[in-house]
Amino acid sequence: MKVYPGFLTPSSKPFDPVELARITERLVCRNLYRKYTDFYATGVYGGIVTGYTCGCCLRCSFCWVDWSRDFPEKYGRFYSPEESFRMLSKAADNYGTNRLRLSGAEPTLCKDHLLSILDLVERSKYKLFILETNGIIFGVDEDYVRKISEFKKAHVRVSLKAGTPKDFTRKTGAKGESFELPFKGIKNLMKHSCSFHVAAMSADPRIMISSERNALLGKLAEIDKNLLTSLEEEVIDPYQTTLKRLKYAECKIEWPLKKIYKPIKL
Ligand code: SF4
């Protein structure tokens with residue numbers, strides 16, 4: 001990879017997301033330290049404190065994360081696992097919640113940092129730790145998933161972006177061959193009995209036509225039909241960064257959203 005990829009444009013060249021993960025780690029991980037942009041509480045999941053990690057291995061055109069996703073060398077600051085945990089605890093106690101989360105960009109980068117935080121959470125008073133991921137790293141590193149399975153407070157949310165290899169490249173910038181990796185990640189999570197559920201940007205007809213949605217649902221059903229009962233289907237929100245990224249990718253989308261797909265019935 002000669003140039004570090006930022007937001008997608010029509011001339012973007014497809015990249016290998018595993019290679020991008022390793023290159024990004026050189027920018028956002030330093031021994032056990034990892035870059036974050038912020039820590040604060042939000043109302044999602046009924047109230048949760050979130051650490052916003054810096055750097056990702058995909059370049060989704062509908063991504064809401066701030067510009068630290070595209071330019072991780074310019075944003076955020078390094079925190080040790082203990083400092084990150086302290087920031088999460090402080091915000092959780094101020095807000096009055098016992099739920100913690102890592103989100104923003106890709107929290108599974110910097111493996112040793114994440115495992116150290118999970119260890120601190122496991123021994124703490126907090127009840128739940130939600131780990132949001134695009135599933136790429138869990139598709140190539142089964143040992144990582146096995147280690148995550150040892151933490152009983154950890155719940156993983158795998159967010160799928162597309163239903164076919166071609167759409168995966170169009171929306172994330174990653175090579176079509178890597179489309180299977182998040183599904184492999186899901187299989188690894190099942191194999192090691194991790195607590196997890198799947199989310200997908202699949203409720204929004206503006207970004208996913210129905211044949212692509214059917215392909216995505218079919219792939220999940222092939223792995224396990226039960227994945228469909230807990231599937232969290234999402235729509236795009238008009239964050240400023242999302243609108244800019246869609247514009248740079250020349251992806252025309254109408255606002256406001258007029259209809260969404262009906263939830264699946266099994
Ligand atoms: S939506 Fe998630 S996976 Fe996609 S680029 Fe943004 S942070 Fe990365």
Side-chain angles (χ1 to χ4, degrees), residues 1 4-9 12 14-25 27-29 34-38 42 44 50-76 101-110 114 130-140 156-163 165 167-176 178-186 196-204 206-208 216 232-249 251 253:
M1 204 171 284
Y4 188 77
F7 48 81
L8 293 184
T9 67
S12 296
F15 57 81
D16 173 353
V18 180
E19 188 190 0
L20 182 56
R22 298 301 163 232
I23 294 171
T24 304
E25 282 180 328
L27 301 172
V28 302
C29 320
R34 196 230 200 277
K35 262 187 168 187
Y36 289 81
T37 52
D38 215 342
T42 58
V44 294
T50 305
Y52 292 87
T53 59
C54 190
C56 188
C57 54
L58 294 180
R59 292 292 180 264
C60 304
S61 53
F62 46 77
C63 179
W64 57 268
V65 174
D66 62 35
W67 297 107
S68 66
R69 185 207 74 173
D70 308 85
F71 310 103
E73 72 286 5
K74 288 191 188 161
Y75 294 90
R101 169 174 78 144
L102 289 193
S103 182
E106 182 48 48
T108 62
L109 301 185
C110 315
L114 176 60
I130 295 182
L131 174 63
E132 299 197 332
T133 177
N134 57 34
I136 294 284
I137 304 293
F138 285 171
V140 288
V156 180
R157 175 186 186 266
V158 184
S159 174
L160 301 175
K161 313 300 177 192
D167 291 306
F168 187 67
T169 299
R170 182 172 56 81
K171 292 180 202 176
T172 69
K175 287 181 176 169
S178 48
F179 166 68
E180 290 293 338
L181 291 179
F183 295 99
K184 245 181 123 182
I186 289 168
F196 79 99
H197 78 280
V198 179
M201 191 54 84
S202 56
D204 193 329
R206 297 171 305 174
I207 199 85
M208 190 175 282
L216 174 60
E232 179 193 338
E233 294 199 276
E234 298 181 272
V235 299
I236 300 180
D237 289 318
Y239 290 96
Q240 281 308 311
T241 39
T242 305
L243 296 177
K244 287 235 166 90
R245 286 189 176 115
L246 288 168
K247 189 172 161 217
Y248 295 145
C251 181
I253 281 194

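Ligands are counted one by one from 1 in listed order, and the atoms in each one are counted from 1 as well.
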Check the pair L131, L114 against side chain to side chain contact (heavy atoms under 4.5 Å, CB included), reporting the backbone distance first and the verdict last.
CA-CA 10 Å; L131 174 63; L114 176 60; 3.8 Å; yes
Measure the distance from atom 4 (Fe) of ligand 1 to every protein heavy atom, then report the residue, atom name and distance (to 0.1 Å) of the closest one.
C60 SG, 2.3 Å
Angle between ring planes, W64 versus Y52, binned at 30° and 60°: parallel, tilted or perpendicular?
perpendicular
Counting from 1 in the order shown, the ligand 1 atoms closer than 4.0 Å to a non-hydrogen atom of V65 are 7 (S)
Students should be able to answer this: which protein heavy-atom is nearest to atom 2 (Fe) of ligand 1, and at what distance?
K161 NZ, 3.8 Å
One finds that the ligand 1 atoms under 4.0 Å from a non-hydrogen atom of N134 are 3 (S)
So W67 and Y248, would you call those rings parallel, tilted or perpendicular, with 30° and 60° as cut-offs?
tilted
Rounded to the nearest 0.5 angstrom, the OG-CD1 distance for S61 and I253 is 7.0 Å
Distance from atom 7 (S) of ligand 1 to nearest protein heavy atom, with residue and atom
A105 CA, 3.3 Å
F196/I186 under side chain to side chain contact (heavy atoms under 4.5 Å, CB included): CA gap, chis, key distance, verdict
CA-CA 9 Å; F196 79 99; I186 289 168; 3.9 Å; yes
Once you restrict to heavy atoms under 4.0 Å, what part of R69 touches ligand 1? Side chain, backbone, both or neither.
side chain
I would like to know whether R22 and E25 meet side chain to side chain contact (heavy atoms under 4.5 Å, CB included); could you show each step before the answer?
CA-CA 5 Å; R22 298 301 163 232; E25 282 180 328; 2.8 Å; yes
Please write down residue, atom name and distance for the protein heavy atom closest to atom 6 (Fe) of ligand 1.
C63 SG, 2.3 Å
For atom 8 (Fe) of ligand 1, grab the closest protein heavy atom and report residue, atom and distance to one decimal in Å.
C56 SG, 2.4 Å
